[in-house]
Amino acid sequence: MDKPITPPFVLGAPSAVVLPTNPPNVSMLRQFCECYFDLSGLILCPVLGSIILLFIPNSRIRLIRFIGLCVSLLTFLYSLVLWMQFDSSTAEFQFVGTIRWLPHENINLYMGLDGISLFFVVLTTFLIPICILVGWSSIESYGKEYVIVFLICEFLMIAVFCMLDLLLFYVFFESVLIPMFITIGVWGSRRRKIRAAYQFFLYTLLGSVFMLLAILLIFFQTGTTDLQILLTTEFSERRQIFLWIAFFASFSVKVPMVPVHIWLPEAHVEAPTAGSVILAGILLKLGTYGFLRFSIPMFPEATLCFTPFIYTLSAIAILYTSLTTLRQIDLKKIIAYSSVAHMNFVTIGMFSLNIQGIGGSILLMLSHGLVSSALFLCVGVLYDRHKTRLVKYYGGLVSTMPNFSTIFLFFTLANMSLPGTSSFVGEFLIFVGAFQINSLVATLAALGMILGAAYSLWLYNRAVLGNVKPNFLHKFSDPNGREVTIFLPLIVGGATVELPKKWPKNKMV
């Protein structure tokens, strides 16, 4: 007979959870995972790996890369265990833990996961091993520092998605800028890398100053920065508007939204391939995650007030960046501008404030994290061989690199949100949600989707089809075993998506 039990070491869980009777081996495995796997271990795993690498001499670069890869894979497996433990039948935060940080000021380190942040944590731990594999042979200088920077970046990004304290969220939210600044400035590929690194750092840092002032105002008004308390706190409408604008100044730069998107193409072009993967796969999601986690639930009246403003900016961004993409000649800039368009699709779905739009925006964020990262990896494969990213030098790759051309075709179609790919489900739900609120905005977004198909097919046609240009390109070779190993999990992720059998009863908004 089933009887209520309380899972150990999971603070904040319901006091009585009825679990079905399991076979003895399954029950023992579940109890072992509940006792020995929590968020603190997930966050500390890349930190401990970085500390170990500090004591290994720089000359043993193969050992350093191997240890970094093993640590990142162990962190990914750790996140999968947490996913298996996760109870999807409740909307409560799970694996909640508390560390007393500044008890006299009522500021403590609260960590927890819900159904939104869980998948962003899994996406983060999934992409970091790929980044380490990407630089396995292409990064020749500061090899040990390269691995350590990406492990630290993984620690900070996991902490961002796990923090339930507003002030600590801001601390980790801004700390992610430091390893990315180093990555672009040290391992960038062109002469303008220092300028791009400073532009990336200053744009995102200056926007976040307003959010810090808003957090301080919230703290002085309520006496706490605990998100679980603030979600039940009612602010006056005038105060909500002021706080919403302050948070918007920070999150809109991270998305990025027009006109504060200038830093993104420059950062992508100058960053190494692994830096572009993290930038497109995770860092662009921090802005939309902030909207979904803080702005919408904490300031609902201000959100309704500014929804037409968000719709206007997003529609302009989709059309403007799609048209701008059509006239780019750099492979990375084409994918970077398309990322801006896709992330503004996400904001349209998110601010539709219905279950279809919000669910579609989450699915599109996860899918974009895989598809856009894979497209940057495809560009990296070409750059490693030919040392150029200009479209005019490429052509006829289908006859010289047939396997690569097939992989590139799949991710190009996924970037177009072709039915059968994971992006299609997210964009379809976004359109369903947006049409219920504003049919004009949904129509303009659909026009942006048509333009997206235009620049995607134009890029593939120019780079892969046509005649070979032997005067510019000399070395042709299909992806090797390491590169195929990198692409395979991204292909599986880009082609599949799991939909819930039924929508949850409790709505998010």
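- Side-chain contact between Leu382 and Leu397: present, with at least one pair of heavy atoms (C-beta onward) separated by less than 4.5 Å.
- Counting heavy atoms from C-beta on, the side chains of Ile335 and Lys332 never come closer than 4.5 Å.
- Contact annotation: the side chain of Arg239 never approaches that of Glu234 to less than 4.5 Å [non-hydrogen atoms, C-beta and beyond].
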Going through the checks in order, is the side-chain contact (heavy atoms from CB on, under 4.5 Å) test met by Phe200 and Leu264?
CA-CA 7 Å; Phe200 160 76; Leu264 181 65; over 6 Å; no
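- The minimum heavy-atom distance linking Ile407 with Ile491 is given by the pair CG1-CD1, 4.4 Å.
- Of the residues listed (Ile282, Val122, Ile132), the one engaging Leu127 in a side-chain contact (heavy atoms from CB on, under 4.5 Å) is Ile282, and it is the only one.
- Remark: Leu370 CG to Thr421 OG1 distance equals 11.5 Å, nearest 0.5 Å.
- Ser117 and Asp114 share a side-chain donor-acceptor pair at under 3.5 Å.
- The ring pair (Phe, Tyr, Trp, His ring centres under 6.0 Å) test with Phe299 singles out one residue from Phe294, Phe247, Phe242, Phe248, and that residue is Phe247.
- Rounded to the nearest 0.5 Å, atoms CH2 (Trp263) and CD (Gln199) are 10.0 Å apart.
- The environment of Leu418 atom CG is dense: over 12 non-hydrogen atoms of other residues, nucleotides or ligands sit within 6.0 angstrom.
- Two rings, from Tyr460 and Phe408, have their centers less than 6.0 Å apart.
- How far CD1 of Ile358 is from CD of Gln356: 9.5 Å, rounded to the nearest 0.5 Å.
- When only modelled atom types and interatomic distance are considered, Ser372 and Ser339 share a side-chain donor-acceptor pair under 3.5 Å.
- Within 6.0 Å of CZ on Phe76 lie more than 12 heavy atoms contributed by other residues, nucleotides or ligands.
- Between Leu292 and Ile362, some side-chain heavy-atom pair lies under the 4.5 Å cut-off.
- The closest side-chain heavy-atom distance from Ser72 to Leu69 is below 4.5 Å.
- Between Phe169 and Phe251, the two ring planes are perpendicular [angle over 60°; tilted spans 30° to 60°].
- Here the side chain of Ser175 pairs no donor or acceptor atom with the backbone of Leu156 at under 3.5 angstrom.
- For Phe93 and Tyr110, the ring centers are positioned 6.0 Å apart or more.
- No hydrogens or angles considered: a donor-acceptor pair under 3.5 Å links the side chains of Ser250 and Ser208.
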Kindly list each side-chain donor-acceptor pair under 3.5 angstrom involving residues 283-291, sequence neighbours excluded, with atom names and distances?
residue, atom, partner, partner atom, Å
Lys285, NZ, Ala280, O, 2.5
Lys285, NZ, Gly281, O, 3.4
Lys285, NZ, His368, ND1, 3.0
Thr288, OG1, Lys285, O, 3.1
Tyr289, OH, Phe161, O, 3.3
Tyr289, OH, Arg293, NE, 3.2
Tyr289, OH, Arg293, NH2, 3.4

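- Ring geometry, Phe119 versus Trp83: the interplanar angle exceeds 60°, so the pair is classed perpendicular (tilted spans 30 to 60°).
- Distance check, rounded to the nearest 0.5 Å: OG1 of Thr406 to CZ of Phe487 gives 12.0 Å.
- The minimum heavy-atom distance linking Leu164 with Asp226 is given by the pair O-OD1, 3.5 Å.
- Taking the side chain as every heavy atom from C-beta outward, Leu490 and Ile130 approach each other to under 4.5 Å.
- For Tyr320 and His261, the ring centers sit closer than 6.0 Å to each other.
- Distance CH2/Trp136 to OH/Tyr146: 11.0 Å, rounded to 0.5 Å.
- Remark: Leu167 CG to Leu227 CG distance equals 13.0 Å, nearest 0.5 Å.
- In plain terms, the two heavy atoms of Ala341 and Ser322 that are nearest each other are CB-OG, 4.0 Å.
- Smallest separation of non-hydrogen atoms from Cys45 and Thr75: SG-OG1, 3.4 Å.
- Looking at every heavy atom in both residues, Pro297 comes nearest to Leu231 through CB-CD2, 3.7 Å.
- A donor-acceptor contact shorter than 3.5 Å is absent between the side chain of Ser367 and the backbone of Leu363.
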List the steps and the verdict of salt bridge (charged side-chain N to carboxylate O under 4.0 Å, His left out) for Arg385 and Glu483.
CA-CA 13 Å; Arg385 286 159 172 76; Glu483 292 167 338; 2.9 Å; yes
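- Two residues are said to be in side-chain contact when any heavy atoms from C-beta on lie closer than 4.5 Å; Ile278 and Cys131 meet this criterion.
- Looking at Gln328, its side chain does come within 3.5 Å of a backbone N or O of Thr324 through a donor-acceptor pair.
- Below 30°, between 30° and 60°, or above 60°: for Phe306 and Phe309 the angle between ring planes is above 60°, a perpendicular geometry.
- Remark: aromatic rings of Phe431 and Phe435 are distant, center separation not under 6.0 Å.
- Residues Ala315 and Leu444 approach most closely at CB-CD1, 4.2 Å, considering heavy atoms.
- In this structure the side chain of Lys254 reaches within 4.5 angstrom of the side chain of Phe173, judged on heavy atoms.
- A donor atom on one side chain and an acceptor atom on the other are found under 3.5 Å apart for Ser314 and Thr347.
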